[in-house]
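Every number for a ligand or one of its atoms is a count from 1 in the order of the listing. For clarity, every value in this text was computed on a predicted model and none was experimentally measured.
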Amino acid sequence: MEAHRLALSSLITLSFFLAILPPSYCTDYARFVNCSRPYECGRIKNVSYPFWGGNRPESCGRQGFKLECYNDEYPIIKFEELEFLILNINQAQNNMTIARLDLWSGSCPQTYLDTVLNYSFFDYAPTVLNITLFYGCPPQVNKSIPVQNRFTCLEGSDANNNAYFVNESSAKIHILEPEKCRGKIRVPISRNAIIDESAGVVHALNESLNQGFDVDYNPLHDTACNGCVRSGGNCGSKETHQFVCFCRDGERSYSCPGNNMYSLFSSHFPGLG
Ligand SMILES: *[C@@H]1O[C@H](CO)[C@@H](O)[C@H](O)[C@H]1NC(C)=O
Ligand SMILES: *[C@@H]1O[C@H](CO)[C@@H](O)[C@H](O)[C@H]1NC(C)=O
Ligand SMILES: *[C@@H]1O[C@H](CO)[C@@H](O)[C@H](O)[C@H]1NC(C)=O
Ligand SMILES: *[C@@H]1O[C@H](CO)[C@@H](O)[C@H](O)[C@H]1NC(C)=O
Ligand SMILES: *[C@@H]1O[C@H](CO)[C@@H](O)[C@H](O)[C@H]1NC(C)=O
Ligand SMILES: *[C@@H]1O[C@H](CO)[C@@H](O)[C@H](O)[C@H]1NC(C)=O
Ligand SMILES: *[C@@H]1O[C@H](CO)[C@@H](O)[C@H](O)[C@H]1NC(C)=O
Ligand SMILES: *[C@@H]1O[C@H](CO)[C@@H](O)[C@H](O)[C@H]1NC(C)=O
């Protein structure tokens, strides 16, 4: 009777623990699991640290590398008010090709904003050259601009007004009173983007803007991240640490435990770091 009751209570205790303890094969550290999911949007796939967004929480990336998916087509990165479509990412080279969303469907935007990047993390690649677009210019400006650099905006805030573009090499063109134009923006294009005007200036300009331009990004923590990935971890960050390595069983400073030297030095566990 006594033994029976003991057995019963053990059984109850056992089933209680079985119910509250998840089986060990699904106890992988949640941040490890989350950060093993690559970022995907349209044609851009397999994007990892330092990028985050979509199903990758902020802890899977670095500040300044947030991506949003635009129309399920391209990822978008924002710098101040400007949104850029990401046409290509080369994570091995820490660079990517981006294009201004506001100029994507034509060269006449609603508002005139110069191109800016978050220069703390991004910079123009050496393959970039700037062009300047002038909008809403008075007739006297027209005369000083070669015909192949003139176009008319059909929409935007200066529809039917004279507009122009000039590249750096034609900066020598003496523009009469450019300050009389209502707007002016600087946009990088790829040095290799040939402005082929056989189908018209507007088309040529649109094409070269849509090819985008390359920016390099800061490879900070790359070495740490490579070590983390080699040890089977996923790179990330948290409020107190710019870099953390998420392992199956918790987080470490640099790499996951195993047959490598770094694990001797990596000490902190979730909650203690
Ligand atoms: C993991 O991702 C899910 C869904 O994206 C989210 O709800 C959850 O809070 C994340 N967990 C951690 C620890 O980041
Ligand atoms: C995704 O990227 C990782 C490195 O970041 C690489 O090891 C893996 O082979 C890639 N997968 C595909 C399907 O391209
Ligand atoms: C650059 O990104 C950081 C992190 O998101 C942000 O704090 C900073 O304000 C950004 N700077 C600019 C100029 O956008
Ligand atoms: C990145 O850099 C490499 C090497 O300099 C270059 O070939 C490539 O065109 C650049 N851009 C992208 C998006 O890959
Ligand atoms: C510019 O290119 C985009 C994308 O190819 C296209 O949708 C748009 O109609 C073009 N606009 C002009 C004014 O050529
Ligand atoms: C293009 O303009 C940006 C600022 O708008 C500047 O930082 C960059 O150096 C310029 N690039 C070239 C090649 O002149
Ligand atoms: C300015 O140039 C445009 C495009 O070449 C042309 O259509 C327009 O007639 C010109 N306007 C004046 C006032 O010269
Ligand atoms: C810059 O503009 C000039 C004059 O319009 C043109 O001859 C030259 O080919 C252009 N350069 C580039 C790189 O587009």
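Counting only heavy atoms of the protein, atom 2 (O) of ligand 1 lies nearest to Asn34 ND2, 2.4 Å. Protein heavy atom at the shortest distance from atom 9 (O) of ligand 5 is Ser105 O, 4.2 Å. Atom 8 (C) of ligand 4 has as its closest protein heavy atom Asn95 ND2, 3.9 Å. In terms of protein heavy-atom proximity, atom 13 (C) of ligand 4 is nearest to Thr97 OG1, 3.2 Å.
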Side chain to side chain contact (heavy atoms under 4.5 Å, CB included) assessment of Asp216 paired with Asn94: CA-CA 6 Å; Asp216 296 324; Asn94 295 302; over 6 Å; no
Stepwise side chain to side chain contact (heavy atoms under 4.5 Å, CB included) test for Tyr49 and Cys228: CA-CA 11 Å; Tyr49 178 91; Cys228 171; over 6 Å; no
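Shown are Leu129, Asp214, Thr115; of these, the side-chain contact (heavy atoms from CB on, under 4.5 Å) with Tyr124 is made only by Thr115.
Taking only nitrogen or oxygen atoms, main chain and side chain alike, Asp214 reaches within less than 3.5 Å of ligand 4. Here's the thing with His203: none of its N/O atoms is less than 3.5 angstrom from an N/O atom of ligand 5.
Here atom 10 (C) of ligand 5 lies nearest to Asn206 when heavy atoms of Asn210, Leu205, Asn206, Leu209 are compared.
Between Tyr112 and Phe134, a ring centre-to-centre spacing not shorter than 6.0 Å is recorded.
Heavy atoms only, all atoms of each residue included: Cys245 and Cys256 are closest at SG-SG, 3.9 Å.
Hydrophobic clustering, with ILVMFWY side chains joined whenever heavy atoms are under 4.5 angstrom apart, keeps Tyr217 apart from Ile76.
Atoms of ligand 5 lying under 4.0 Å from any heavy atom of Trp104, numbered from 1 in the order shown and given with element: 1 (C), 2 (O), 3 (C). Ligand 5 places these atoms under 4.0 Å from at least one heavy atom of Val202: 13 (C).
In this structure, Arg37 counts as a contact residue of ligand 1, since one of its heavy atoms falls inside 4.0 Å of the ligand.
Atom 5 (O) of ligand 1 is flagged as protein-proximal [any protein heavy atom, distance under 4.0 Å].
Checking side-chain atoms of Asn149 against main-chain N and O of Phe165 turns up a donor-acceptor pair under 3.5 Å. For Arg37 (side chain) and Asn55 (main-chain N/O), a donor-acceptor pair under 3.5 Å exists by modelled atom type.
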